[in-house]
Structures are given as structure tokens and as C-alpha cells.
Amino acid sequence: MVENMYDEKEILEMEKALEVVYESLNNMAREYPGLASSCFRSRRVIEGIVLRQIRDIENGDFVKIGKWLLEAHKEPNYRWSVTAECSECCDELIEIWAGFFPNVPDSLARDVALISAKDAKTAKPSKYCPNCGARMVGE
């Protein structure tokens, strides 16, 4: 499945974020003149990435669509963790939730861990895979 890389809301959010990054780099260059060349080099790198993405959008290039695959793992001392893996590259494994379930059957602990990870607001992984760039949809 393919779709346009970014929607209007995401583009506005990225523009605001870039303004903050540029302002921080400029402030750092003013405060620490020895870092000025690194700050300006960082800004050029960021601008290059953004310009490539804009060019790709204009050329009709699309991004892959994937979803985070959740998996529960039993660890020592009654600890269970839930990791998210990209369905497109199967390479990015991120722990997004962990909890303890002493004296609870493994099958129940596993199910509760997965449900807890899906419900926890802080457990949501990124909207994009940092490895392959796939845009994540659904669970």
C-alpha cells in the first residue's frame, strides 16, 4: 500500500519544528563561536534532507505504509515487556512498554501486557520507522 508521504497538518508541524531547530542552532553558534561551523553544517544537512523530501513529493515518489507489530516477551523476575517491530523492514525493535506480573499465568500475563501496551498513551511508537521510513498506520 502506498500513499503521499505527509499530510498538510504534518507539514505544518515539521515547519514549526524546523524553525525551532534553526533558532537553536543559530543561538548555539552565537553563544559558542567555536561551534559555529558545526551548527551551520548541521543546518545545511537538515536543509538537504528537507529539500530531497520535497523533491520526492513533487516527483510523485511515495512512502511505504506499514504498521508496528507488537510482541510480548517474558523476562526474569516476572517482568514482561512489549516491543514494536516495523512490518516493512522487520528491523526496528523498540521496547514500548514493560510491567511486572508476579503469580499470574504466562498466557494471561502476555495478553494483559499486549493490551496494556496498546492502551498506554506513552507506549505509542513513532509514526514513522526510523530505519526504513515507512509511515505507520493502525496498531
Side-chain angles (χ1 to χ4, degrees):
M1 177 183 205
V2 293
E3 94 178 18
N4 286 327
M5 188 174 279
Y6 304 108
D7 61 28
E8 284 295 318
K9 183 180 176 189
E10 289 172 318
I11 291 171
L12 291 174
E13 289 173 357
M14 285 188 288
E15 287 174 348
K16 289 177 187 174
L18 279 173
E19 288 175 16
V20 171
V21 170
Y22 288 161
E23 185 178 338
S24 297
L25 287 171
N26 290 336
N27 289 340
M28 192 181 305
R30 277 194 295 276
E31 278 187 54
Y32 306 101
L35 296 177
S37 64
S38 294
C39 293
F40 294 125
R41 197 168 34 250
S42 297
R43 184 178 175 139
R44 282 196 305 272
V45 168
I46 292 168
E47 287 172 346
I49 292 168
V50 170
L51 289 174
R52 269 196 309 273
Q53 289 181 343
I54 290 170
R55 186 190 65 232
D56 290 347
I57 291 169
E58 289 172 351
N59 290 337
D61 290 347
F62 297 95
V63 69
K64 293 182 275 187
I65 301 297
K67 66 179 184 175
W68 291 115
L69 306 173
L70 302 184
E71 186 176 329
H73 306 275
K74 183 179 180 182
E75 298 175 10
N77 300 324
Y78 307 108
R79 184 178 191 272
W80 282 80
S81 65
V82 176
T83 56
E85 181 179 55
C86 173
S87 65
E88 291 299 305
C89 67
C90 298
D91 191 46
E92 193 62 31
L93 200 61
I94 306 164
E95 183 177 293
I96 61 168
W97 186 90
F100 292 90
F101 298 104
N103 304 319
V104 175
D106 286 351
S107 60
L108 179 60
R110 178 189 173 282
D111 292 345
V112 171
L114 288 169
I115 291 168
S116 299
K118 288 178 185 176
D119 291 343
K121 292 191 186 325
T122 57
K124 301 297 183 214
S126 169
K127 288 167 76 172
Y128 297 91
C129 174
N131 184 54
C132 71
R135 181 177 178 174
M136 299 298 150
V137 295
E139 293 181 4

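- The two residues W80 and W97 make their nearest non-hydrogen contact at O-CZ3, 4.0 Å.
- Across all non-hydrogen atoms, the minimal contact from A84 to L70 is CB-CD2, 3.8 Å.
- When each of E75, H73, E71 is checked for a side chain to side chain donor-acceptor pair (under 3.5 Å) with S81, only E75 meets the rule.
- Atom CZ of R79 and atom NZ of K74 lie 14.0 Å apart (nearest 0.5 Å).
- Contact detail for T83 and E95: the closest heavy-atom pair is CG2-CA, 4.0 Å.
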Just do the side-chain contact (heavy atoms from CB on, under 4.5 Å) check on D106 and R110 with the steps written out, would you?
CA-CA 6 Å; D106 286 351; R110 178 189 173 282; over 6 Å; no
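- Linking ILVMFWY residues whenever their side-chain heavy atoms come closer than 4.5 Å, directly or via other members, places V104 and V82 in the same cluster.
- Of all heavy-atom pairs spanning F100 and N77, the tightest one is CD2-O, 3.4 Å.
- Counting all heavy atoms, side chain and backbone alike, S87 lies closest to G66 at OG-CA, 3.3 Å.
- With contacts defined as side-chain heavy-atom distances shorter than 4.5 Å, the pair Y78/N103 qualifies.
- Across I96 and A117, no two heavy atoms sit closer than the pair CD1-CB, 4.3 Å.
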